[in-house]
*Asks:* 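One structure coming up, written as structure tokens, with questions to follow.
Proteins get letters first, then strands, A, B, ... in listed order; numbering begins at 1 in each. In this text the structure is predicted, and so the values were computed from the model without any measurement.
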Protein chains: 2
Amino acid sequence: MGISKTEHFSENQNEIATAAKALGHPARIAIMEYLMSVDTCICGDIVNELPLAQPTISQHLKELKNAGLIKGSIEGNAICYCIDETCLEKIMTYFSAMAAQLKSKNCC
Amino acid sequence: MGISKTEHFSENQNEIATAAKALGHPARIAIMEYLMSVDTCICGDIVNELPLAQPTISQHLKELKNAGLIKGSIEGNAICYCIDETCLEKIMTYFSAMAAQLKSKNCC
DNA sequence: ACTATTAATCGTAATATTGCAATATATAAA
DNA sequence: TTTATATATTGCAATATTACGATTAATAGT
């Protein structure tokens with residue numbers, strides 16, 4: 001139906017899935033990488049960096065923001081976007097734990 | 001258009017995005033967690049574990065397999081699914097590097 | 001051969017995502 | 001206050017995803 005049965009899964013499972021979903025698009029990965037690469041986060045120029053129209057970038061930024069992966073603060077005329085470390089660290093920890101746990105198994 | 005402009009992004013960006021996308025659904029996270037939790041990977045019973053119909057699970061398994069996150073081998077009548085460590089390790093490394101790089105920055 | 005079991009595939013309905021042109025909003029600069 | 005700049009929102013078309021009933025395929029057990 002195109003609608004996920006989120007209520008059947010744990011809060012943690014939904015949280016990880018939401019973050020992963022937000023990262024599940026090359027443009028959004030590119031945005032994250034760009035935000036990493038610039039020291040200052042005066043970031044309206046993502047539009048110039050990526051081969052997508054301004055409304056599309058805006059939409060991708062919104063999704064990353066909704067997922068808690070980035071945060072934006074008004075900087076005069078422009079908006080300063082940057083990565084939200086908390087969320088990224090959470091994902092990292094989750095997959096790190098999974099990878100570590102895997103090593104003690106011998107699958108097919 | 002519902003179609004991603006994947007050709008405009010790097011191979012690595014697309015790879016990470018594909019893996020993240022595959023993990024971007026609570027049911028697929030639940031499947032991964034289940035595959036982690038069972039020592040042996042005699043795994044047809046995912047259907048009994050999750051609140052989804054058999055064709056739906058099958059579809060989710062297919063997506064995880066396409067993304068390289070799991071692999072399946074025929075075990076007589078049933079099929080033995082288990083996590084593909086290589087791919088998971090790759091994601092882990094990627095986000096780990098990102099998280100580490102973040103610590104040397106002071107954003108807004 | 002017949003029947004159960006296991007899992008994939010097909011078809012389809014409901015909904016979500018992606019992308020952009022056009023437009024709106026809001027601040028800065030003149 | 002007019003004008004430029006920066007970003008968000010709206011509306012829409014094309015396509016993708018999610019879910020499942022019905023069916024198929026393939027092996028196991030009898």
*Asks:* Partners of A:Glu75 by side-chain contact (heavy atoms from CB on, under 4.5 Å), sequence neighbours excluded?
*Replies:*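 Applying side-chain contact (heavy atoms from CB on, under 4.5 Å) to A:Glu75 gives A:Ser73, A:Cys80.
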
*Asks:* Between C:dT5, D:dA8, C:dG19, which nucleotide has the shortest distance from any of its atoms to the side chain of A:His25?
*Replies:*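 Ranking C:dT5, D:dA8, C:dG19 by closest atom to the A:His25 side chain puts C:dG19 first.
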
*Asks:* Just N and O in the side chain of A:Tyr81: are any of them under 4.0 Å from OP1 or OP2 of D:dA8?
*Replies:*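 It does, given that an N or O in the side chain of A:Tyr81 lies less than 4.0 Å from OP1 or OP2 of D:dA8.
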
*Asks:* Can you check the B:Glu75 CD to C:dT6 P distance for me, whole Å?
*Replies:* 14 Å

*Asks:* At under 4.0 Å between heavy atoms, what does B:Lys21 touch on the DNA or RNA strands: base, sugar-phosphate, or nothing?
*Replies:*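 B:Lys21: backbone/sugar contact only, no base atoms under 4.0 Å.
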
*Asks:* Do the non-hydrogen side-chain atoms of A:Phe95 and B:Ser96 ever get within less than 4.5 Å of each other?
*Replies:*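 No, side chains not in contact.
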
*Asks:* Rounded off to whole Å, could you give me the CZ-to-C1' distance for the B:Arg28 and D:dA19 pair?
*Replies:*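 In whole Å, D:dA19 C1' lies 12 Å from B:Arg28 CZ.
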
*Asks:* Rounded to whole angstroms, how far apart are CG on B:Asn77 and C1' on D:dT27?
*Replies:*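 Distance check: B:Asn77 CG to D:dT27 C1' gives 5 Å.
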
*Asks:* What is the separation between atom CD1 on A:Ile74 and atom P on C:dT27, rounded to the nearest whole Å?
*Replies:*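 The distance from CD1 of A:Ile74 to P of C:dT27 comes to 7 Å, rounded to the nearest Å.
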
*Asks:* If I take atom CG in residue B:Asn48 and atom P in nucleotide C:dT5, what distance separates them, rounded to the nearest angstrom?
*Replies:* 13 Å

*Asks:* Go nucleotide by nucleotide along DNA chain D from the 5' end; which of B:Ala27 and B:Gly76 gets its closest nucleotide reached first?
*Replies:* B:Ala27

*Asks:* Compare all side-chain heavy atoms of B:Met36 with those of A:Met98 and state whether any distance is below 4.5 angstrom.
*Replies:*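 Yes, at least one pair of side-chain atoms sits under 4.5 Å.
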
*Asks:* Quick one: does B:Val38's side chain get under 4.5 Å of B:Asp45's, heavy atoms only?
*Replies:* no

*Asks:* Which ones in residues 49-64 of chain A lie close to DNA chain D, meaning a heavy atom under 4.0 Å from one of its atoms?
*Replies:*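 Correct list: A:Gln54, A:Pro55, A:Ser58, A:Lys62.
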
*Asks:* What's the CD1-C1' distance between B:Ile31 and C:dA7, to the nearest Å?
*Replies:* 13 Å

*Asks:* A:Asn66 CG to C:dT17 P: how many Å, rounded?
*Replies:* 11 Å

*Asks:* Quiz question: by atom type and distance under 3.5 Å, do the side chains of A:Asp84 and A:Thr86 form a donor-acceptor pair?
*Replies:*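 Yes, a side-chain donor-acceptor pair sits under 3.5 Å.
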
*Asks:* Take the protein atom CD1 of A:Ile46 and the nucleotide atom C1' of D:dA6, then report the distance between them rounded to whole Å.
*Replies:*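 The distance from CD1 of A:Ile46 to C1' of D:dA6 comes to 12 Å, rounded to the nearest Å.
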
*Asks:* Would you say A:His25 and A:His60 make side-chain contact, with heavy atoms under 4.5 Å?
*Replies:* yes

*Asks:* Does A:Pro26 offer a backbone N or O that forms a donor-acceptor pair with the side chain of B:Asn14 under 3.5 Å?
*Replies:* no

